[in-house]
*Asks:* 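Dropping a structure here in structure tokens format, bear with me for questions.
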Amino acid sequence: MNRLRAGYCLWQNPFNAAQKQYISFEKCAAIVFWSKNPRPLLPHLAEIEARGIRFYFQYTVNDYVHEGLEPGLPPLSERIATFRELSRRIGRQRVIWRFDPIVMGAGLTVETVLARLRELATALAPYTEKLVFSFLDMYRKTQRNLASLDASLRAPTEAEVYRIAEGVAEMNAALPRPLLLAACAEELDLQRFGVEKNRCIDAGLLCRLCPADADIHRIYGGLAPREQGGLLAPSRRPGRPLKDTGQRKACGCAPAKDIGSYNTCLHLCAYCYANSSKAAVLREMEKTDSNSEKL
């Protein structure tokens, strides 16, 4: 909030500290928040809206309480309550439920994961329009951190991915108000189960949330011109979705400015790819200055 009030922030490449860039909020039309606990931001939503900035949330609610994979999170009941409160405050179309990532091993089977998804869907489905799920990517640091907790924790096999997708589709069809289903950055094609490829930075949703914003509709609603100032350089061919070329091949996100930082989350989830280790997070957090230019 301090950086938003100042009107800019400093972004630093996590892989090359010498590469820095100043990001201005002067023409910021919308923000996409990723969170597992957005409660601390709730008191500030009115101020963000008063600045003319639209926003929506990618809100991850998993249930790995028994396995201890998410040690820094509030109790599951509190996270569900926050989800509902946020949805009532800003609208169900602006709170996207993520179950992310799906992990196997340590007693986690296809059946147990689907059972937990069904229970969460009962609590959350009336408060959202969409469920996004993804499967564990076993980066080297992820493998190391998971192994320190339980050596049997692993990514789902291809067969398990298909069984989970089928189970999620069956669960969804039984809901009084079925959700839109999407898988995030998934190479396998799950469309036969009614699961589309996700777009976390969703051009269609941004246009929907900003109906009177000419720039949003010019950038995201039609064909992208070759020159888009500091935000968009890529063009696209007719019929092709606008894509952020800086993201993974399987990622469907539209172009945006990512101002997050690695090794700054005290949730300390064992599967996290953005934290290299608990020690690295604690070192970074010791340097945190809420008045700094850098987030």
*Asks:* Using side-chain heavy atoms (C-beta onward) and a distance below 4.5 Å, is V161 in contact with L190?
*Replies:*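 V161 reaches L190 side chain to side chain.
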*Asks:* Supply the atom-to-atom distance R3 CZ to N291 CG, rounded to the nearest 0.5 angstrom.
*Replies:*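 Spacing of CZ (R3) from CG (N291) equals 8.5 Å.
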*Asks:* Could you tell me whether R89 and E49 have a side-chain N and a carboxylate O separated by less than 4.0 Å?
*Replies:*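 A salt bridge links R89 with E49.
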*Asks:* Hey, could you give me the CG/CG distance between N172 and L181, rounded to the nearest 0.5 Å?
*Replies:*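 If we round to the nearest 0.5 Å, N172:CG and L181:CG are 4.0 Å apart.
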*Asks:* Please determine whether residues V132 and L175 belong to a single hydrophobic cluster, defined as Ile, Leu, Val, Met, Phe, Trp and Tyr linked transitively by side-chain heavy-atom distances below 4.5 Å.
*Replies:*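 No, separate clusters.
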*Asks:* Salt bridge or not for E166 and R192, using N-O below 4.0 Å?
*Replies:*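 Judged by the 4.0 Å cut-off on N to carboxylate O distance, E166 and R192 do not form a salt bridge.
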*Asks:* Would you say OH of Y162 has more than 12 non-hydrogen atoms from neighbouring residues, nucleotides or ligands within 6.0 angstrom?
*Replies:*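 Counting neighbours around OH of Y162, more than 12 heavy atoms of other residues, nucleotides or ligands fall under 6.0 Å, so yes.
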*Asks:* Run the ring-centre check on F133 versus F99 and record whether the distance is less than 6.0 Å.
*Replies:*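 No, they do not, as the ring centres are separated by 6.0 Å or more.
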*Asks:* Out of curiosity, M285 CE to L266 CG, how far, rounded to the nearest 0.5 Å?
*Replies:*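 So the gap between those two atoms works out to 4.5 Å.
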*Asks:* Which distance, rounded to the nearest 0.5 Å, do you find between the NZ of K36 and the CZ of R98?
*Replies:* 10.0 Å
*Asks:* Got more than 12 heavy atoms from elsewhere within 6.0 Å of CZ, R5?
*Replies:* yes
*Asks:* Classify the angle between the aromatic ring planes of Y8 and Y22 as parallel (below 30°), tilted (30 to 60°) or perpendicular (above 60°).
*Replies:*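 Answer is tilted, since the angle falls between 30° and 60°.
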*Asks:* If you round to the nearest 0.5 Å, how far is NZ of K278 from SG of C272?
*Replies:*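 Those atoms lie 14.5 Å apart.
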*Asks:* Between Y262 and F15, what is the ring plane arrangement, given parallel below 30°, perpendicular above 60°, and tilted in between?
*Replies:* perpendicular
*Asks:* Identify which one of E70, E67, R116 satisfies the side chain to side chain donor-acceptor pair (under 3.5 Å) criterion when paired with N62.
*Replies:*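 Among E70, E67, R116, the one that satisfies the side chain to side chain donor-acceptor pair (under 3.5 Å) with N62 is E70.
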*Asks:* For atom CZ of R54, decide whether the heavy atoms of other residues, nucleotides or ligands shown that lie under 6.0 angstrom number more than 12.
*Replies:*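 No, the 6.0 Å shell around CZ holds no more than 12 heavy atoms from other groups.
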*Asks:* Could you tell me the separation between the CG atom of D213 and the CG atom of L209, rounded to the nearest 0.5 Å?
*Replies:* 11.0 Å
*Asks:* Check step by step if salt bridge (charged side-chain N to carboxylate O under 4.0 Å, His left out) holds for E160 and R154.
*Replies:* CA-CA 12 Å; E160 288 170 333; R154 59 176 177 82; 2.9 Å; yes
*Asks:* State whether the number of non-hydrogen atoms from other residues, nucleotides or ligands found under 6.0 Å of E119 atom CD is greater than 12.
*Replies:*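 Open: at most 12 neighbouring heavy atoms sit under 6.0 Å from CD of E119.
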*Asks:* Could you walk me through whether E85 and R88 pass salt bridge (charged side-chain N to carboxylate O under 4.0 Å, His left out), step by step?
*Replies:* CA-CA 5 Å; E85 181 179 344; R88 286 190 289 261; 6.0 Å; no
*Asks:* How about H44: does its NE2 atom have over 12 heavy atoms from other parts shown lying under 6.0 Å from it?
*Replies:*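 Enclosed: over 12 neighbouring heavy atoms sit under 6.0 Å from NE2 of H44.
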